[in-house]
Amino acid sequence: MRQNIVAGNWKLNTTLQEGVKLATELNEILASKTINCGVVVGVPSTHITEVVKAVDAGKIGVAAQNCADQESGAYTGEISAAMVKSTGAGHVILGHSERREYYGETNATLKVKTDLALANGLTPIFCIGEVLEEREAEKQNEVVKSQIEEALFHLSADEFAKIVIAYEPVWAIGTGKVASPEQAQEIHAYIRSVIADKYSAEVADNTSILYGGSCKPGNAKELFANPDVDGGLIGGASLKAEDFYGIIAAF
Ligand code: PGA
């Protein structure tokens with residue numbers, strides 16, 4: 001079901017103690033507020049169990065930032081979707097551009113990860129987005145279309161309904177360079193049309209499509225005001241409870 005969502009992506013930041021402190025601070029801020037969107041924090045896997053304990057599950061969901069492309073077995077260092085689920089997380093971020101770029105994740109790998117996440121009852125927050133050269137060559141639509149087609153379009157409509165999409169132009173991630181509200185709306189509408197063509201207008205209307213890339217308290221409101229922007233995936237600004245709340249409060 002389409003829902004406005006503000007999701008944090010802590011990446012490789014915070015020790016366990018710092019992470020629990022940050023989650024506790026956020027929980028305290030939200031306790032006294034009316035919130036008009038779903039809130040999720042994507043935390044390091046080592047932190048999930050403790051962060052789940054530290055927050056009010058009715059207000060804050062917890063996500064892993066990745067899961068393995070294997071169910072179980074001899075894959076040293078990996079964390080399976082079933083393991084993630086067993087920690088109390090409800091979501092998993094998949095296909096972040098940093099995973100694609102630094103860890104060689106392809107659409108084919110992500111297809112398998114998506115299936116495993118869904119099979120284990122996790123909601124994938126599935127990241128797509130073009131790099132700067134692709135944007136400059138006006139290839140962004142092609143790029144996001146193939147990312148969705150190759151990793152997600154084998155899903156049934158019922159399965160696809162469980163996916164949250166995060167559009168993150170790679171040139172805007174951590175750069176302070178944010179997509180303009182018009183650029184965000186244009187590509188979000190395009191992504192929705194691709195989903196409508198594959199499934200139905202109803203499935204497309206029910207899909208949450210988040211924007212990510214240098215989203216901050218100061219620009220969230222105008223980004224989220226767009227009809228096809230259903231919230232954000234927030235990196236840097238999710239590391240300070242007040243800043244993250246400032247984005248949540250944009251709804
Ligand atoms: P940023 O990161 O908000 O720091 O640009 C967004 C993301 O990578 O999800």
Side-chain angles (χ1 to χ4, degrees), residues 4-14 18-19 22-23 26 37-45 47-48 51 60-67 89 91-105 110 113-114 117 122-132 134-135 140 143-144 147-148 151 163-181 183-184 187-188 191 208-224 226 229-251:
N4 292 324
I5 300 168
V6 173
N9 177 10
W10 293 2
K11 308 190 182 185
L12 186 60
N13 293 297
T14 72
E18 290 162 349
L22 174 57
L26 180 67
C37 62
V39 176
V40 177
V41 286
V43 309
S45 299
H47 301 15
I48 300 174
V51 170
I60 305 175
V62 183
Q65 299 172 16
N66 181 30
C67 70
H91 293 71
V92 59
I93 299 169
L94 290 177
H96 191 280
S97 67
E98 288 148 18
R99 301 279 333 157
R100 293 175 188 262
E101 187 183 346
Y102 307 137
Y103 302 96
E105 293 196 4
L110 293 166
K113 292 190 178 197
T114 301
L122 294 168
T123 299
I125 300 175
F126 193 89
C127 304
I128 56 175
E130 80 286 354
V131 300
L132 184 61
E134 291 163 337
R135 169 66 63 166
Q140 64 273 16
V143 171
V144 295
Q147 288 170 332
I148 301 178
I163 306 281
V164 172
I165 301 284
Y167 166 68
E168 301 202 301
V170 180
W171 46 270
I173 296 178
T175 57
K177 208 169 157 190
V178 65
S180 69
Q183 283 174 322
I187 195 155
H188 280 231
I191 294 163
S208 299
I209 307 177
L210 316 184
Y211 167 81
S214 298
C215 187
K216 309 272 180 237
N219 58 28
K221 220 181 177 82
E222 52 173 6
L223 284 162
F224 299 171
N226 288 291
V229 179
D230 307 312
L233 180 57
I234 318 299
S238 71
L239 292 170
K240 284 204 180 113
E242 278 295 342
D243 287 352
F244 192 52
Y245 173 66
I247 297 172
I248 294 165
F251 279 116

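Whatever order the structure lists ligands and atoms in, that order sets their numbers, starting from 1.
- Nearest protein neighbour of atom 7 (C) of ligand 1, counting heavy atoms only, is E168 OE2, 3.1 Å.
- The closest approach between any non-hydrogen atom of H96 and ligand 1 is below 4.0 Å.
- Counting only heavy atoms from C-beta outward, the side chains of P169 and E130 approach each other to under 4.5 Å.
- Checked by atom type and distance alone, the side chain of N13 pairs as donor or acceptor with a backbone atom of W10 at under 3.5 Å.
- At least one N or O atom of G236, backbone or side chain, sits closer than 3.5 Å to an N or O atom of ligand 1.
- The nearest protein atom to atom 3 (O) of ligand 1, hydrogens excluded, is given as G235 N, 2.8 Å; this is a heavy-atom distance.
- Looking at N9 against ligand 1, only its side chain comes within 4.0 Å, counting heavy atoms.
- Ligand 1 lies less than 4.0 angstrom from a heavy atom belonging to S214.
- Y211 contributes a side-chain N or O that, together with a main-chain N or O of G213, makes up a donor-acceptor pair within less than 3.5 Å.
- The main-chain N or O of N219 is never found under 3.5 Å from a side-chain atom of E222 such that the two would form a donor-acceptor pair.
- Taking distance alone, with nitrogen or oxygen atoms compared against 3.5 Å, G174 approaches ligand 1 more closely than that limit.
- The closest approach between a heavy atom of A172 and any atom of ligand 1 is below 4.0 Å.
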Under the salt bridge (charged side-chain N to carboxylate O under 4.0 Å, His left out) criterion, do E105 and R100 qualify, and how do the steps go? CA-CA 4 Å; E105 293 196 4; R100 293 175 188 262; over 6 Å; no
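- Side-chain atoms of F126 and T114, non-hydrogen and from C-beta on, do get closer than 4.5 Å to each other.
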